[in-house]
Amino acid sequence: MLIIDQPTVERLLPMEQCIPLMSDAFTALARGEVVLPLRPMMRLPRGLGILGMMPASVEAPRALGIKLITVFPTNHGTEFDSHQGAVLLFEPDHGALIAVLDASSITAIRTAAVSGLATQLLANAGASDLCILGSGVQARTHLAAMLLVRPIERVRIWSRSADHAHAFATAAARRHGITVDAMPTAEDAAAGADIICTVTASSEPILRGEWIARGAHVNAVGASTPHARELDTSAVRGATLFVDCRESALNEAGDFLIPKREGAISDSHIRGELGEVLLERIPGRQSPDEITLFKSLGIAVEDVVAAHHIYQRATADGAGTRVTLGGRRDAAS
Ligand code: NDP
C-alpha cells in the first residue's frame, strides 16, 4: 500500500493533466459507468465543521475509492487548511487498499480543474476578463486553471478581508507574472467580467445577478450545502444552469435549492450535467450573450479518478511510501 503525501500529489497532478482527467470522469458519469451515492456529511459538535464521506466506483478508468475529509471553515487564517483528509484507493477486483493520498491537495487541484473544464466548455472563446471572489486555497488553484483554458488578460479579486485580497494579488502576480487587482467590493470585481469564480465559505450571497455582464460564465464553487449560497436568486434565475451531478444538485446545492424554495425556478432550470455537454447530449452555450452558470458541488468521482491517476504515476516513478497492511493471506498458511 502506498502513502502519497501533499508534495507528491502536487507534483503528479499538474492542473493541465487534471483538466482532461476530469473530462474523463464526467464522461464516465454521464455514461452511467459510475456508482456515486449521495455523500453523508456528519456535522460535528459545537458547529466546528463537518466530516464528509465521499465514495465512488468507476468503470473507466476502473477505480474504487472514498475521500474522507473534514471541512473546518474556521481554520482559514490558521496553520490548518479548511479541508483535510485522505483519499483511500482500493484495487477494484479484490478490494485491497492500495493507496492513501493527501486529500487537501487533491481537493484543491481537482475542484479548480473541474471549473477549468466547465469554463472550457461554456465560456465564450475570447473570455479574457476574470473575476475571483475569495482569496483562499480555491482562489489560488482557480486562477491557475482559468489561465490555462482562456486567454486571460485582466484579473480582479475581491475578498471579505482587504488584506487577504491584497496578499493574494501580490502572490498571484509573482507566481504567474500577471497583474492582479484587489478590488474594494465584489461588485467592483465582477462588473463587466467575462468569467466569475465564486470561491468563498460564505453562506449568504456575495454575487448579485445585476452585477453579471451579458455573456459571462460563472463557476459557483464555494457553497456545498442546501442552506448556503454564494449567488442571489436573480443571478441563478438569469443564467443557464449546468451542474456536476443532477442528483447532488437537487439535494445539496443551496445556490439552486434556495431560489427553488422561493418559487423562482424549478428543477427544469438545470439544463444538465457537464458530462452530458461533453457527450453532446445537451447543448452548452447557445449564444454569445447567454450567461452560463456552472454549479460545482464536488463529487467523489473527481477524487477517485484523480487518485487513480496519481497512484499509477507514483507506481511508475517509485514515488510514495510503501506500507504493508493485513488482509492478504500468505499462500503457505
Ligand atoms: P479557504 O478557507 O482557503 O478560504 C475561504 C475563503 O472564503 C476566504 O477567501 C475567505 O475570505 C472567504 N470567506 C469566508 N467566510 C466568508 C464570508 N462569510 N463572506 C465572504 N467571504 C468569506 O477555503 P477554500 O478556498 O479551500 O474553499 C473555499 C470554499 O469552497 C469553501 O466554502 C469550500 O467548502 C468550498 N469548496 C468547494 C469544493 C467543490 O468541489 N465545489 C471543493 C473544495 C472547497 P477572507 O480570507 O477574506 O476572510
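Both ligands and their constituent atoms are indexed starting at 1 by order of listing. The first residue in the sequence is number 1, and the count goes up from there.
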Q: Got a sec, which residues hit salt bridge (Lys or Arg N to Asp or Glu O under 4.0 Å) with Arg160, two or more places apart in sequence or on another chain?
A: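 Arg160 satisfies salt bridge (Lys or Arg N to Asp or Glu O under 4.0 Å) with no other residue.
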Q: Can you run down the ring pair (Phe, Tyr, Trp, His ring centres under 6.0 Å) pairs that involve residues 71-92, sequence neighbours left out, and say none if there aren't any?
A: His76-His164
Q: Classify the side-chain pair Ser234/Asp232 by whether it contains a donor and acceptor separated by less than 3.5 Å.
A: yes
Q: Regarding Asp5 and Thr8, do their side chains bring together a donor and an acceptor under 3.5 Å, going by distance alone?
A: yes
Q: Heavy atoms under 4.0 Å from ligand 1: which residues qualify?
A: His76, Ser82, His83, Thr107, Arg110, Thr111, Gly134, Ser135, Gly136, Val137, Gln138, Ser159, Arg160, Ser161, His164, Val199, Thr200, Ala201, Ser202, Val221, Gly222, Ser296, Leu297, Gly298
Q: Classify the side-chain pair Thr200/Glu230 by whether it contains a donor and acceptor separated by less than 3.5 Å.
A: yes
Q: If hydrophobic residues (ILVMFWY) are linked whenever their side-chain heavy atoms come closer than 4.5 Å, directly or via other members, who joins Ile258 in its cluster?
A: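 Taking Ile, Leu, Val, Met, Phe, Trp and Tyr as members, Ile258 stands alone, with no cluster partners.
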